[in-house]
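Data first, discussion second: the structure below is written as structure tokens.
Order of the sequence lines sets the chain letters (A, B, ...), proteins ahead of strands, with each chain counted from 1.
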Number of protein chains: 2
Amino acid sequence: MATIKQVAKRANVSVATVSRVMNNNGYVSAEAREAVERAIAELEYAPNRVARSLFTKTSGLIGLIMPDITNPFFPQLARAIEDVANQHGYQVVLCNTDEQLAKEQSYLVALQTMHVDGLIITTNHSDNPNYEKLELPMVALDRIVKSGIDAVISDGYEGGRLAAETLLNCGATRLAHIGGPEQLQTVKRRTDGFLDVAGDRLVGMTHSSFTFKEALTAAQTLFDEHWPFDGLFAANDVIAAAVLQEAVRRNVRVPQDLQVIGYDGIELGEMTSPPLTTISQPIYEMGRRATERLLDLIEKKETVTKEILLPVTLTERQTTIRKGHDT
Amino acid sequence: MATIKQVAKRANVSVATVSRVMNNNGYVSAEAREAVERAIAELEYAPNRVARSLFTKTSGLIGLIMPDITNPFFPQLARAIEDVANQHGYQVVLCNTDEQLAKEQSYLVALQTMHVDGLIITTNHSDNPNYEKLELPMVALDRIVKSGIDAVISDGYEGGRLAAETLLNCGATRLAHIGGPEQLQTVKRRTDGFLDVAGDRLVGMTHSSFTFKEALTAAQTLFDEHWPFDGLFAANDVIAAAVLQEAVRRNVRVPQDLQVIGYDGIELGEMTSPPLTTISQPIYEMGRRATERLLDLIEKKETVTKEILLPVTLTERQTTIRKGHDT
DNA sequence: ACTTGATATGTAACCGGTTACACATTATGA
DNA sequence: TCATAATGTGTAACCGGTTACATATCAAGT
């Protein structure tokens, strides 16, 4: 790899001049510029970002902290973040924390010492003494933070309401629900919204983590203890998929005997049989907005904290019965 | 953030001594060491990796180049890579290329100028003039490279054979197949293995990309043009999921009327109804091995090129009929 | 007593950029 | 014509580490 010194030599100028043409600032004569550009081309020079980083104290790196990329909600988010970051010349460093404080902590110092320019955080610690004292620009994604940290979330409460209303509109009268991990506030809101509309039409409810295996157990419990019900809202699509599978195992027909609505709008929902009706979060959009916000924080040095709330929508597929199309 | 100079001052030693205790090399007296350690603790000093990087020309970063993290095969791979990297003190930079040469190219220079220590490549270009001339340590994952680049792949040919044998053993007599994108060599091998065993028992075959939507179209075509068949092998699990969905739409019972085997062993396979029998690649293991190999290349400066071939296994779920358990 | 090797520590160069500052040279305006 | 501003360029300091080298002390060996 060529260095700026070699370029300078070849172009018969000083390193300062080379740096000026690279960064397009300061005065440079037309001849000098041309000579430098030729030298750059000939040597295939690309400036060393580490060296630049040392002086400028910016790295062009943003840290992405998530619980587990393997959870099907996150890849889309990561993709959106990476896309936007890349479009602006940034790279993203991926960090899986498994919601473990120790891992998170160690990533945090690693990221800081490598001078990342900002952080996007999608982990859901209730107890995190970490972030507040960090001076890095950062935005929380799908996650509620107490203090003055920017956040991008979608409207879980409204989503829960929408799910309940939809089931009711589609003719369900006995509602059931499987909620997510109770410490996740964004997820709890979905449950709150659902329950507020369901009222005493709720006949059964349980909770589950977001792993398929546990969801399957939760579904079994729900069927065992509260059957019959004819409308079910799951706190996310993975849980809904488990419900669907358990339903066929029990010869419960979906949507004729039981209507099901999931939450998230991940691709998995298209792949189940039948395809899953769900409350879609604008996942890609959330990632995009979070990243754009972060870049504003980094580059424009914005200071006011903002919370961005995105609307959710109903994606009707085939686990609910369309009004006026009853089978 | 404290600097080494501040630590040195506080401990009444020179920066050299501080550096020596940090890196545990050279001679340091017990008293000096202790003073330095106390100063480090008091200042919460963590060395600036950028500065270190500039001198040592290593960054502790490894670049992960994949087509699209959104494709459900990749998150597990990414996870494995990240885990192993992290255990060894490395971070990973995520790059989605969409198989576009331009994007790949631009990532490559970005990664080089930031001095990543190595590369893991899971893109499947047939034409890539890039990598060979790079002097970075790198390993290809799930991807076949001509020249002297290390690779970790699983035994697709044997997997294809295994799929065919399993279907045959389970009583299928009229076989069908949906292959993957034809330019992907690792995927083509699955088809080869399957066809070699299937022989003239194959009654129909088509191809599809790995997106669910296209897979659905391919499945429809196959049913339209070649039905009936009673055993189907799909080049990956996403395609298999599409087949399953199309089957219920046509009131084809799985596995009674049609047995289906997928490929990959991603979690999606557990979530379909019924759960999918599939040829499992050791995905996490592949990521792990690739990363370990890369770290050997980086740290031990190994030079001999190695190709690691991992075995696949049959994961029997409910889209095939167990021998001796015929329904 | 004197050489020698091990131990201990500091100074300064270096990694490859950026930029403050000094110093020219040329253009502009009165 | 001359002061002043705009333009153009190089030198060297700086970012925060690592390490070669010089130097100093001390114990061991002869």
Side-chain angles (χ1 to χ4, degrees), chain A residues 1-40 43-61 89 109-117 135, chain B residues 1-40 43-61 89 109-117 135:
Chain A
M1 296 239 75
T3 71
I4 199 175
K5 220 174 282 185
Q6 296 171 327
V7 173
K9 191 170 191 181
R10 185 169 195 116
N12 273 313
V13 297
S14 72
V15 294
T17 300
V18 177
S19 180
R20 286 187 193 108
V21 344
M22 292 293 307
N23 299 301
N24 230 315
N25 61 19
Y27 294 111
V28 181
S29 68
E31 309 89 72
R33 162 161 283 121
E34 206 194 324
V36 169
E37 274 163 359
R38 188 168 39 241
I40 287 174
L43 296 174
E44 296 184 29
Y45 170 69
N48 183 327
R49 277 172 66 175
V50 176
R52 172 177 284 173
S53 200
L54 181 57
F55 188 90
T56 61
K57 293 176 178 346
T58 73
S59 59
L61 253 26
V109 334
L111 292 173
Q112 269 188 296
T113 60
M114 72 205 288
H115 277 274
V116 297
D117 295 336
E135 292 149 13
Chain B
M1 296 239 75
T3 70
I4 199 175
K5 221 174 279 183
Q6 295 172 328
V7 174
K9 191 169 191 182
R10 184 168 196 120
N12 274 314
V13 297
S14 71
V15 294
T17 301
V18 177
S19 182
R20 286 187 193 107
V21 344
M22 293 291 308
N23 300 300
N24 230 316
N25 61 20
Y27 293 111
V28 180
S29 68
E31 310 89 72
R33 161 161 284 119
E34 207 194 324
V36 168
E37 274 162 358
R38 186 167 43 240
I40 286 174
L43 296 174
E44 296 184 29
Y45 170 68
N48 183 326
R49 277 171 66 175
V50 176
R52 173 176 284 173
S53 201
L54 181 57
F55 188 89
T56 61
K57 293 176 178 342
T58 72
S59 59
L61 251 26
V109 334
L111 293 172
Q112 269 188 296
T113 60
M114 71 205 290
H115 276 274
V116 297
D117 294 336
E135 291 149 13

Heavy-atom pair of closest approach, residues B:Val50 and A:Met114: CG2-O, 3.8 Å
Between C1' of C:dG10 and OH of B:Tyr27, the distance in whole Å: 17 Å
Residue pair A:Ala32 / A:Val13: nearest heavy atoms and the distance that separates them: CB-CG1, 4.5 Å
Nucleotide pairing, DNA chain C (Watson-Crick or G-U, distances under 3.5 Å), in dot-bracket with [ ] and |: ||||||||||||||||||||||||||||||
For the student: nearest non-hydrogen atoms of A:Ser59 and A:His115, plus distance: OG-O, 2.6 Å
Under 4.0 Å protein heavy-atom contacts per nucleotide of nucleotides 16-28 of chain D, with B for base, S for backbone only and - for none: BBBBB--------
A:Arg20 versus A:Tyr27, closest heavy-atom pair with distance: CD-O, 3.7 Å
Heavy-atom closest pair, residues B:Ile4 and B:Val15: CD1-O, 3.7 Å
Shortest non-hydrogen contact between A:Asn48 and B:Leu54, atoms and distance: ND2-CD1, 4.4 Å
Results of salt bridge (Lys or Arg N to Asp or Glu O under 4.0 Å) for A:Arg10 - residues two or more places apart only: A:Glu42
Note, B:Ser53 side chain near B:Phe55 side chain (heavy atom, < 4.5 Å): no
